[in-house]
Colleague: 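Here you go, one structure.
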Amino acid sequence: MKPLQTAAAGIFAAGLGASAVLFAMSTDEAEDGCTKLAAYNFTQAEVTRRLSSPGTAEFPADPPAPMHVSEDVLIATKGECLFGVSAWVDAQNALGAIRRTNFSADVEYQASTGRWKLRDIHLAPH
C-alpha cells in the first residue's frame, strides 16, 4: 500500500453483522483529482483513521485499470466526481486479534477546492 494522504469517503456495509454507521463531513487534499483510484485511496485513509490499530491495516490491492473493479474492491461512479467504494480491511482490534471489517463509502471530489469530501461511512466487522 502506498502512503496515503488523509482522504474522505462514505462507506456503506451491506448487512454484514452489526454495523457502525458514521456520518462525517471531512475533507482533505486530493491526491489524483477526480479518479476512481483516488477515491479508493481517500477511502482507505478514512477507514484507517477509524481503526483501533491503524498501523496494522491491510487493504486489498488497488484494483486494475480501467474499470477499477476486482473480486475484493468495487468502485462505482454515482455522479460527476461522486464515487461509491466497497472493500474490506484486515486489522488488529482492541484485543490484538486480526479482524476483517467490510466497509463501503460515498466520496466526492470537489474540483473547485481540489479536496475530497466524505459523505458517509459504514463499517461492519466480519
Colleague: If a pair satisfies disulfide bond (SG atoms under 2.5 Å apart) and one of its residues is in residues 91-126, list it, with sequence neighbours excluded.
Modeller: none
Colleague: Quick check for you: to the nearest 0.5 Å, what is the distance between Thr101 atom OG1 and His126 atom NE2?
Modeller: 9.5 Å
Colleague: Got a sec, which hydrophobics cluster with Ile98, joining ILVMFWY side chains under 4.5 Å apart, including via others?
Modeller: none
Colleague: How far apart are the closest heavy atoms of Ala39 and Val107, and which atoms are they?
Modeller: CB-CG2, 3.7 Å
Colleague: Output, in order, the C-alpha distance, side-chain angles, deciding distance and verdict of side-chain contact (heavy atoms from CB on, under 4.5 Å) for Asn41 and Asp62.
Modeller: CA-CA 9 Å; Asn41 291 337; Asp62 292 347; 4.0 Å; yes
Colleague: What class does the angle between the rings of Phe59 and Phe103 fall in, given that below 30° is parallel, 30 to 60° is tilted and above 60° is perpendicular?
Modeller: perpendicular
Colleague: Output every pair passing side-chain hydrogen bond (donor to acceptor under 3.5 Å, both in side chains) with a member in residues 74-85, not counting sequence neighbours, ordered by first then second residue.
Modeller: Lys78-Asp106
Colleague: Just grab all the disulfide bond (SG atoms under 2.5 Å apart) pairs involving residues 91-126, residues at least two apart or on different chains.
Modeller: none
Colleague: Suppose we screen for side chain to side chain contact (heavy atoms under 4.5 Å, CB included). Which residues come up paired with Ser70, at least two apart in sequence or across chains?
Modeller: Pro63, Pro64, Asp72, Val73
Colleague: Assigning hydrophobic clusters by single linkage (Ile, Leu, Val, Met, Phe, Trp, Tyr; side-chain heavy-atom cutoff under 4.5 Å), is Val85 placed with Trp88?
Modeller: no
Colleague: Just jot down the salt bridge (Lys or Arg N to Asp or Glu O under 4.0 Å) partners of Asp90, sequence neighbours excluded, or say none.
Modeller: Arg100
Colleague: For a quick test of reading the model, state the closest non-hydrogen atom pair linking Lys36 to Phe83 and the distance between them.
Modeller: CG-CE2, 3.7 Å
Colleague: Is there a chain of hydrophobic side chains (I, L, V, M, F, W, Y, each step under 4.5 Å between heavy atoms) that links Leu51 to Ile121?
Modeller: yes
Colleague: According to salt bridge (Lys or Arg N to Asp or Glu O under 4.0 Å), who are the partners of Arg99, at least two apart in sequence or on a separate chain?
Modeller: none
Colleague: Determine the minimum heavy-atom distance between Ala87 and Pro60, stating which atoms define it.
Modeller: CB-CG, 4.3 Å
Colleague: Using every non-hydrogen atom in the two residues, find where Gln92 and Thr56 come nearest and quote the distance to one decimal.
Modeller: N-OG1, 2.9 Å
Colleague: Disulfide bond (SG atoms under 2.5 Å apart): which pairs involve residues 95-126, sequence neighbours left out?
Modeller: none
Colleague: Who clusters with Val69? Use side-chain heavy atoms, under 4.5 angstrom, across I, L, V, M, F, W and Y, and order the result by chain and number.
Modeller: Met67, Leu74
Colleague: For residues 36-85, which residue pairs pass the disulfide bond (SG atoms under 2.5 Å apart) check, not counting sequence neighbours?
Modeller: Cys34-Cys81
Colleague: Let me confirm one number: the CZ-CD distance from Arg115 to Gln110, rounded to the nearest 0.5 Å.
Modeller: 9.0 Å
